[in-house]
Peer 1: 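Let me begin by handing over the structure; questions about it come next.
Basis for what follows: all heavy atoms, side chains included, without hydrogens, waters or symmetry-related copies.
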Amino acid sequence: MEAELRNLAGTAQLLAVATLSGEVERWDEPTLSTAFQWARYCERLWCRFHSNPAIRRAVEQQLRVTNQSLRAAFAGYGDVCFSDLCRCRHLLLVGLLKNPQLPISIAKTLFDTASPVGAEQSEYQEVTGLCSHIIRCKSACKVLRPLVDSSAVGADAEVQAEMLTERLDAVLSRGGDTGHILRCVQQGFEGAAGHFCRVIAAAVLMRKNSAAQSAAQDFLLDWLQKDQRVLEHMCSALPAALINELTKKQLKFRDAFCDLLKKWASEMEYSISEGEWIQAATNQTVSFSRLTEHFLDLFETCPSLRVEVEKELNVLKRSDGDFDVRGLSVWGDLLSALHKSDDYSHREVKCLNLFASMECGAR
């Protein structure tokens, strides 16, 4: 039994290193696989001996001694108790994800979607895709669980957003490299940029249950404001309803989105052959009609913003020469399109009121 007790003490030390030590930075796939094998070993010992009072007392005594030495060695260490032994792999995984020194290569292995956990072709089959497997399970739970409101982003994106927020919380609380996390996440979604946008949207829209979650959301919003390339792709890929929800609930996103719309407009040039404003760039992001719709949606979600934005558009129109002729100023044509939409809406309301009064008269 002495060998088993030494192994249990070694696994408790392993959990402390995985969660709190910078040594994790030097881990590779063989190290990761070995760590999970030791965690599984402890779970098997618990299954064999949890109902044996004498062995349980010996294990608890060993854990008390080990915990005492680990508390002295690691600031913020949390004791491992006997009941924790049945979920060692879970504790190991959570500890690694909270460690800001976790290498991108290890994170990629854990989140691998090409080789699901347990796949025979994977050399490290126990750990490859482990997080992706958990995401699929949690997504299934979300889909099957009765929900009051259906998710606008999808259950899988919500689960991944929760994991991303928790990871950012852990890194922000320790002053770690948050850019490292985002680079890792972006690399993980290579070839699936649309899904990446939904994950970020879900994280930004997530209900704030703590100050830490609020800090993670603020970090993501600040990141979107600074990295306009990501924001631009996000606003091009997401459906209008989801963008409207973001602008309604997040002031920082609304301001960044408004600035992006003005940037898109400034990059347009009038095509005589098409009789329309188009983006000068080869890879067109948005059409003029879609740009107008974006502005109208923005004004609908935040009516107070309209006066300020139209005042700014008028200043830009005057700087172009204050022309009212179509095709000479994108700002003038944009203002004209916005006002035409208003006139159409007013006429539509009048028609509806007229029909309603005619029906009442007929009765």
Side-chain angles (χ1 to χ4, degrees), residues 149 152-153 197-198 200-208 214-268 276-279 281 284-324 326 328-350 352:
D149 299 310
V153 295
C197 293
R198 291 199 300 276
I200 299 300
V204 170
L205 289 170
M206 194 179 299
R207 189 175 300 169
K208 300 174 185 178
S214 180
Q217 284 186 336
D218 285 340
F219 170 79
L220 286 172
L221 288 166
D222 289 341
W223 172 62
L224 288 173
Q225 285 182 312
K226 291 173 185 173
D227 194 334
Q228 205 162 51
R229 181 181 57 84
V230 177
L231 177 68
E232 189 165 340
H233 185 81
M234 192 170 169
C235 294
S236 302
L238 293 178
L242 191 51
I243 294 175
N244 293 344
E245 192 174 355
L246 286 162
T247 57
K248 191 183 299 181
K249 294 184 177 179
Q250 293 291 356
L251 177 62
K252 284 184 178 180
F253 183 88
R254 187 191 75 191
D255 292 343
F257 181 55
C258 187
D259 289 341
L260 177 63
L261 293 181
K262 286 178 280 188
K263 173 181 177 289
W264 278 345
S266 70
E267 293 171 346
M268 288 185 165
E276 187 59 275
W277 288 94
I278 61 171
Q279 283 195 303
Q284 294 188 18
T285 307
V286 67
S287 65
F288 183 78
S289 60
R290 189 75 190 95
L291 179 70
T292 305
E293 289 171 11
H294 276 315
F295 269 111
L296 290 170
D297 288 341
L298 184 62
F299 296 155
E300 187 176 342
T301 57
C302 185
S304 61
L305 189 65
R306 178 159 197 158
V307 175
E308 179 186 339
V309 171
E310 287 194 349
K311 188 182 294 183
E312 189 175 350
L313 294 180
N314 272 302
V315 170
L316 291 167
K317 178 192 171 188
R318 285 193 293 273
S319 70
D320 275 353
D322 205 15
F323 297 108
D324 290 321
R326 179 173 170 78
L328 294 181
S329 170
V330 68
W331 311 111
D333 287 358
L334 183 56
L335 282 164
S336 177
L338 294 174
H339 293 154
K340 278 181 183 177
S341 177
D342 280 347
D343 292 341
Y344 176 80
S345 298
H346 291 153
R347 287 197 300 271
E348 194 175 46
V349 170
K350 283 182 180 179
L352 290 172

Peer 1: Does Glu300, at its CD atom, have more than 12 non-hydrogen atoms belonging to other residues, nucleotides or ligands within less than 6.0 Å?
Peer 2: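 Atom CD in Glu300 is not crowded, with 12 or fewer foreign heavy atoms closer than 6.0 Å.
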Peer 1: Decide yes or no for Arg254 and Leu251: does some side-chain heavy atom of the first lie under 4.5 Å from some side-chain heavy atom of the second?
Peer 2: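 SC-SC contact between Arg254 and Leu251 confirmed.
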Peer 1: Report the distance from atom CG of Leu246 to atom CD1 of Ile200, rounding to the nearest 0.5 Å.
Peer 2: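 One finds 11.0 Å between CG of Leu246 and CD1 of Ile200.
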Peer 1: Just to verify, what does Asp259 make a side-chain contact (heavy atoms from CB on, under 4.5 Å) with, not counting sequence neighbours?
Peer 2: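 Checked Asp259 against side-chain contact (heavy atoms from CB on, under 4.5 Å); matches are Lys262.
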Peer 1: Answer yes or no: is there a side-chain heavy-atom contact under 4.5 Å between Phe253 and Thr247?
Peer 2: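 The answer is yes; the side chains approach within 4.5 Å.
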Peer 1: What residues, two or more places apart in sequence or in another chain, satisfy side chain to side chain donor-acceptor pair (under 3.5 Å) together with Arg326?
Peer 2: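 So Arg326 forms a side chain to side chain donor-acceptor pair (under 3.5 Å) with Glu276.
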Peer 1: Return the CZ to OG distance between Arg318 and Ser329, rounded to the nearest 0.5 Å.
Peer 2: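 That separation rounds to 11.5 Å.
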Peer 1: Give me the atom names and distance for the closest heavy-atom approach of Asp297 to Ala240.
Peer 2: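 It is OD2-CB, 4.1 Å.
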Peer 1: Within the 4.5 Å heavy-atom criterion, are Leu298 and Leu261 side-chain neighbours or not?
Peer 2: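 Heavy-atom side-chain distance check passes, below 4.5 Å.
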Peer 1: Does some side-chain heavy atom of Leu205 sit less than 4.5 Å from a side-chain heavy atom of Leu242?
Peer 2: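 Of all side-chain heavy-atom pairs linking Leu205 with Leu242, at least one is under 4.5 Å.
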Peer 1: For Lys263, what residues pass the salt bridge (charged side-chain N to carboxylate O under 4.0 Å, His left out) criterion, not counting sequence neighbours?
Peer 2: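 Listed in chain order: Glu232, Glu267.
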Peer 1: Side chain to side chain contact (heavy atoms under 4.5 Å, CB included), that's the test. Do Leu231 and Gln225 meet it? Break it down for me.
Peer 2: CA-CA 7 Å; Leu231 177 68; Gln225 285 182 312; over 6 Å; no
Peer 1: Locate the shortest heavy-atom distance separating Arg306 from Leu338; write the atom from each residue and the value.
Peer 2: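 Heavy-atom minimum between the residues: NH2-O, 3.7 Å.
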Peer 1: Start with the C-alpha gap between Ile243 and Phe257, add the side-chain angles, then the distance that decides, and say whether side chain to side chain contact (heavy atoms under 4.5 Å, CB included) holds.
Peer 2: CA-CA 9 Å; Ile243 294 175; Phe257 181 55; 3.7 Å; yes
Peer 1: Quick one: does Lys317's side chain get under 4.5 Å of Asp320's, heavy atoms only?
Peer 2: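 No. Closest side-chain heavy atoms not under 4.5 Å.
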Peer 1: Does Ser336 reach the main-chain N or O of Asp333 with its side chain, forming a donor-acceptor pair under 3.5 Å?
Peer 2: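 Not at all, since once roles are kept as given, no pair shorter than 3.5 Å links the two residues.
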Peer 1: How are the rings of Phe299 and Phe295 set relative to one another: parallel (under 30°), tilted (30 to 60°) or perpendicular (over 60°)?
Peer 2: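 The rings of Phe299 and Phe295 sit tilted, inter-plane angle from 30° to 60°.
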Peer 1: When you look at Val309 and Glu312, which way does the side chain to side chain contact (heavy atoms under 4.5 Å, CB included) test go after all the steps?
Peer 2: CA-CA 5 Å; Val309 171; Glu312 189 175 350; 5.5 Å; no
Peer 1: Any sub-3.5 Å donor-acceptor pair from Gln217's side-chain atoms to Val204's backbone N or O?
Peer 2: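 Pair found, side chain donor or acceptor close to backbone of Val204.
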Peer 1: Fit a plane to each ring of His294 and Trp264, take the angle between them on a 0 to 90° scale, and name the class: parallel (under 30°), tilted (30 to 60°) or perpendicular (over 60°).
Peer 2: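 The rings of His294 and Trp264 sit tilted, inter-plane angle from 30° to 60°.
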Peer 1: Measuring from atom CG of Leu335 to atom CH2 of Trp331, what distance do you get when rounded to the nearest 0.5 angstrom?
Peer 2: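 The CH2 atom of Trp331 is 9.5 Å from CG of Leu335, to the nearest 0.5 Å.
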Peer 1: What I'd like to find out is whether the side chain of Leu220 reaches to under 4.5 Å of the side chain of Trp223, using heavy atoms alone.
Peer 2: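 Yes. Closest side-chain heavy atoms under 4.5 Å.
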Peer 1: Please assess Leu313 against Leu334 for the test side chain to side chain contact (heavy atoms under 4.5 Å, CB included), listing each intermediate value before the final yes or no.
Peer 2: CA-CA 8 Å; Leu313 294 180; Leu334 183 56; 4.1 Å; yes
